[in-house]
Protein chains: 2
Amino acid sequence: MSLRHALLGLLVDRSASGYDLMKLFDTSLAHVWPATQSQMYGELNRLASAGLVDVSAQGPRGRKEYTLTDKGREELARWLAAPTPPQPRRSELLLKVFFLDLATGDQARAILGERERQAVAEHERLSALRAALGGDDGPLTVNGRIGLEYGLRLAEMERDWARWAAAQLAPREEVAAAAPGES
Amino acid sequence: MSLRHALLGLLVDRSASGYDLMKLFDTSLAHVWPATQSQMYGELNRLASAGLVDVSAQGPRGRKEYTLTDKGREELARWLAAPTPPQPRRSELLLKVFFLDLATGDQARAILGERERQAVAEHERLSALRAALGGDDGPLTVNGRIGLEYGLRLAEMERDWARWAAAQLAPREEVAAAAPGES
DNA sequence: GAGGCCATGTAACATGTTACATGATTGT
DNA sequence: ACAATCATGTAACATGTTACATGGCCTC
């Protein structure tokens, strides 16, 4: 239920409408906690009902500006202090790897090769982002850099793993390729 | 919708009941694709309706043994050959990191320290598992080792990242700690 | 006055979790 | 006969996705 905390967090140093929060999300949190527009408007209403935010102003087109309440601030603090259980990862890639012997050698190489490319692309994307951050060192930038670093390291790890895994596959193929020639 | 493919995959080289599949899951796939009992029975019924599996035998206590059909085999092959889109990661840890400046220094250190411990524990668990696999080299063991290696590398990456991140935090603290003394 | 953005919402559906319900069979 | 295990299922709820609906405001 952490979309709730993401929204509370964004409201800490500014009041904003659902629409504003959506935009903020897309340019910041989207990569660690994707959420759709539907979800956000729904959650904001629930947040208001629960008294964690207030509708502090009504604007032009039915615009509702939300402001964090003390109760909301408390909830956010509680969440930050609470343990973060390791969440079970659901990975389609690893599921395919589990059944890799059901695929042809070409398919297996394609699966790993594709992931390697994806990881490289992701790494480049994040590198560019980090470069754009520049030498700033405000608290927000420090946080951002720490999160970014996670993504960079993950991408490197996946890239290297995919290469390694493809190499593990190779011997099997040599055997399969040699056998028909020998018979 | 990959629970479906996980079940099809498990049925490739054996027929089994829902109960059997549940057990198999818990001792193998659970770490890459967690699923509950409820979900599996439901999915098996849907799989049977769709003609991807057959109820090949009925046993003692209403036991239904499922067997993969040709259509099911095709669907599995199709899935393996289809691209694996990188799935957006939803990470509560990274969400907290994003808001790390809202926490006290102690809280921030606790969050990262806890993750470091979790990563170390996970690494130990997987190391033990790998040791138990031994020197076998059947196709299943090769797959298993590749998946395991992913987990090991991920755990190492998280451990190192958490240490690095904690170090990034330190300067901020020194400033905060030094300032009162200077005044 | 038209197109683009601002702004919020609903409906239908898919997926996943927890808890509960029910009962048969097997081994001791 | 009792407990453990086998075996399947339903109900309620939470979360998340996609698509659609509706309309106001602003700028050119």
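First the proteins, then the strands, lettered A, B, ... as listed; each starts at 1. Values below: every heavy atom of this structure, side chains too, minus hydrogens, waters and symmetry copies.
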Has [X] got a side-chain N or O lying under 4.0 Å from the OP1 or OP2 atom of [N]?
X: Y41(A); N: dT8(C); value: yes
X: K23(B); N: dC6(D); value: yes
X: R63(B); N: dT25(C); value: no
X: R90(A); N: dT15(C); value: no

What is the distance, to the nearest angstrom, from the [atom1] atom on [X] to the [atom2] atom on [N]?
X: L47(A); N: dA14(D); atom1: CG; atom2: P; value: 15 Å
X: D26(B); N: dA7(D); atom1: CG; atom2: P; value: 15 Å
X: Q87(B); N: dG16(D); atom1: CD; atom2: P; value: 15 Å
X: L3(B); N: dG16(C); atom1: CG; atom2: C1'; value: 10 Å
X: M1(B); N: dC13(C); atom1: CE; atom2: C1'; value: 13 Å
X: D20(A); N: dC5(C); atom1: CG; atom2: P; value: 16 Å
X: M40(B); N: dG16(C); atom1: CE; atom2: P; value: 11 Å
X: L24(B); N: dA7(D); atom1: CG; atom2: P; value: 13 Å

- Task: Give a yes-or-no answer on whether the side chains of Y150(A) and E158(B) include a donor-acceptor pair shorter than 3.5 Å.
- Result: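 Yes - a donor-acceptor pair under 3.5 Å links their side chains.
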
- Message: For W79(A) and E74(A), which I'm curious about, is there any donor-acceptor pair between the side chains at under 3.5 Å?
- Response: no

Among the candidates [options], find the nucleotide nearest to the side-chain atoms of [X].
X: R61(B); options: dT8(D), dA19(D), dT26(C); answer: dT26(C)
X: Y19(A); options: dG16(C), dC5(C), dT8(D); answer: dC5(C)
X: W33(B); options: dA24(C), dA7(C), dG16(C); answer: dG16(C)

- Message: Tell me whether K96(A) contacts the main-chain N or O of A103(A) through its side chain, where contact means a donor paired with an acceptor under 3.5 Å.
- Response: no

- Task: Could you say whether Q37(B) or R46(B) is positioned toward the 5' end of DNA chain C, judged by the nucleotide with the nearest heavy atom to each?
- Result: R46(B)

- Of Q39(A) and P60(A), whose closest DNA chain D nucleotide lies nearer the 5' terminus? Q39(A)

- Query: Does the dT18(D) base have a donor-acceptor partner in the side chain of T36(A) within less than 3.5 Å?
  - Reply: no

- Message: Hydrophobic clusters here meaning ILVMFWY residues chained together by side-chain heavy-atom distances under 4.5 Å, can you tell me if M157(A) and L94(B) are in one?
- Response: yes

- Item | Transitive ILVMFWY side-chain link L52(B) to Y41(B), under 4.5 Å | yes

- Charged tip of R153(B) within 45° of W164(A) ring normal and under 6.0 Å: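 Pair R153(B)/W164(A) counts as cation-pi.
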
[X] near the nucleic acid: base, sugar-phosphate alone, or nothing, with a heavy-atom cut-off under 4.0 Å?
X: R4(A); value: nothing
X: S17(A); value: sugar-phosphate
X: M22(A); value: nothing

